[in-house]
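Just so it is clear, the model here is predicted, and its values are computed rather than measured. Note on naming: letters A, B, ... go to the chains in the order of the sequence lines (proteins, then strands), and numbering restarts at 1 for each one.
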Number of protein chains: 2
Amino acid sequence: MQLTLLTLAEPNRFNIVELLKKAPRSVSEIVQALNIGQPQVSRHLRILSEAGLVRARNKAQQRIYSLEAQPFQDLDEWFDSFSILWEERLDNFEDYMLDYKRKEDV
Amino acid sequence: MQLTLLTLAEPNRFNIVELLKKAPRSVSEIVQALNIGQPQVSRHLRILSEAGLVRARNKAQQRIYSLEAQPFQDLDEWFDSFSILWEERLDNFEDYMLDYKRKEDV
DNA sequence: CGGTTAGTTAGTCATGTAACTAACTATAGA
DNA sequence: TCTATAGTTAGTTACATGACTAACTAACCG
């Protein structure tokens with residue numbers, strides 16, 4: 001998960017992922033969409049691939065990249081675990097904060 | 001969101017956030033939990049703070065840091081948008097893939 | 001085969017950033 | 001006011017990583 005975050009933090013890779021969310025794409029399609037050269041895209045795709053975020057299938061000379069579900073699902077769950085911060089039962093959360101403060105004050 | 005990702009990608013900051021998810025904490029409590037010095041923790045907290053992920057309140061000489069909800073909520077929503085990758089209606093998703101392939105073949 | 005299209009790999013360079021030490025600031029208490 | 005506690009800021013160094021160019025590999029086609 002740590003690895004997934006690190007991989008997504010790079011802006012070009014973030015953009016590649018956004019692109020692939022809409023549909024699988026070939027390397028040259030990705031190159032056209034971003035503002036960097038083909039070797040750079042290739043390298044970022046390798047990093048994404050090694051982190052398990054994308055997968056490639058061959059289509060003649062083309063390589064069609066698409067997203068893998070798992071790591072995104074993992075992060076989705078992780079961020080869900082923060083919902084305590086905003087969810088309905090704010091009152092309860094505040095109780096818990098107060099409780100913490102009480103503990104501090106000892 | 002980009003910024004939030006970048007900020008969270010650093011392992012120590014990730015750990016700090018995990019800690020603060022459980023409860024607000026003072027700097028020294030965080031220092032004890034991690035394996036780096038106080039200046040480093042202080043610096044990471046500043047970065048987290050500038051990215052809007054945490055907030056501090058003063059308590060005598062201590063600074064008590066806690067999480068801000070908003071950026072986590074934003075990322076939670078963003079990752080939700082990937083649920084097309086794994087959710088129930090896989091069949092529909094496959095249709096959509098096939099549709100894409102058809103487009104390719106033209 | 002020879003060429004063309006599609007993509008990857010290697011090597012160099014520059015930049016950003018994390019860790020460390022040392023010095024500084026602020027609050028509390030005797 | 002002097003000292004101790006709690007944290008921040010500054011300056012240096014080292015390392016990781018992204019961009020670029022050039023060279024390489026693979027698949028298809030005439």
Nucleotide [N], atom [atom2] - distance to [atom1] of [X] in whole Å:
X: N35(B); N: dA19(C); atom1: CG; atom2: C1'; result: 13 Å
X: L3(A); N: dA16(D); atom1: CG; atom2: C1'; result: 15 Å
X: L48(B); N: dA18(C); atom1: CG; atom2: C1'; result: 14 Å
X: L34(A); N: dC20(D); atom1: CG; atom2: C1'; result: 16 Å
X: K59(A); N: dA27(D); atom1: NZ; atom2: C1'; result: 14 Å
X: N58(B); N: dT25(C); atom1: CG; atom2: P; result: 17 Å
X: R13(A); N: dG18(D); atom1: CZ; atom2: C1'; result: 9 Å

Review point. Aromatic rings F79(B) and F72(A): how do their planes relate, parallel, tilted or perpendicular, breaks at 30° and 60°?
Key: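 Ring orientation of F79(B) relative to F72(A): tilted.
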Tell me whether [X] contacts the main-chain N or O of [Y] through its side chain, where contact means a donor paired with an acceptor under 3.5 Å.
X: R63(B); Y: N58(B); result: no
X: R25(B); Y: L20(B); result: no
X: S42(B); Y: Q38(B); result: no
X: D74(A); Y: M1(A); result: no
X: Q62(A); Y: I64(A); result: no

**Study point:** Most 5' of G37(A) and L6(A) on DNA chain D, judged by nearest nucleotide
**Key:**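 Of the two residues, L6(A) wins.
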**Study point:** Residues that Q73(B) engages under side chain to side chain contact (heavy atoms under 4.5 Å, CB included), provided they are two or more places apart
**Key:**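 Expected list: W86(A), Q70(B), E77(B).
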Shorter than 3.5 Å, N or O on both sides, protein versus nucleotides 4-11 of chain D: list them out with atom names.
{"residue": "dG7(D)", "atom": "OP1", "partner": "V27(B)", "partner atom": "N", "Å": "3.3"}
{"residue": "dG7(D)", "atom": "OP1", "partner": "R63(B)", "partner atom": "N", "Å": "3.4"}
{"residue": "dG7(D)", "atom": "OP2", "partner": "S28(B)", "partner atom": "N", "Å": "3.0"}
{"residue": "dG7(D)", "atom": "OP2", "partner": "S28(B)", "partner atom": "OG", "Å": "2.3"}
{"residue": "dG7(D)", "atom": "N7", "partner": "Q38(B)", "partner atom": "OE1", "Å": "2.7"}
{"residue": "dT8(D)", "atom": "OP1", "partner": "Y65(B)", "partner atom": "OH", "Å": "2.8"}
{"residue": "dT8(D)", "atom": "OP2", "partner": "S42(B)", "partner atom": "OG", "Å": "2.5"}
{"residue": "dT8(D)", "atom": "O5'", "partner": "S42(B)", "partner atom": "OG", "Å": "3.0"}
{"residue": "dT9(D)", "atom": "OP2", "partner": "R46(B)", "partner atom": "NE", "Å": "3.4"}

Review point. Quick one: do L6(A) and V54(A) end up in the same hydrophobic cluster if we chain Ile, Leu, Val, Met, Phe, Trp and Tyr together by side-chain heavy atoms under 4.5 Å apart?
Key: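 No, separate clusters.
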Review point. Hey, any chance I47(B) and L45(B) share a hydrophobic cluster, counting ILVMFWY side chains that come within less than 4.5 Å of each other, even indirectly?
Key: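 Unlinked, I47(B) and L45(B) end up in two clusters.
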Review point. What's the closest nucleotide to the A60(A) side chain, out of dC28(D), dG18(D), dA18(C)?
Key: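 Comparing dC28(D), dG18(D), dA18(C) against the side chain of A60(A), the answer is dC28(D).
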Practice item. Classify the nucleic acid contact of I47(B) as base, sugar-phosphate or nothing, counting any heavy atom under 4.0 Å across all strands shown. Key: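 The residue I47(B) makes sugar-phosphate contact but no base contact.
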Review point. Across the strands shown, which category fits N12(A) at heavy-atom distances under 4.0 angstrom: base, sugar-phosphate, nothing?
Key: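 Sugar-phosphate only.
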**Study point:** Residue-phosphate contact under 4.0 Å: H44(A) side-chain N/O, dA19(D) OP1/OP2
**Key:**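 H44(A) to dA19(D) OP1/OP2: side-chain N or O found under 4.0 Å.
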Using the 3.5 Å cut-off, write out each protein N or O paired with an N or O of nucleotides 12-16 of chain C and the distance between them.
none

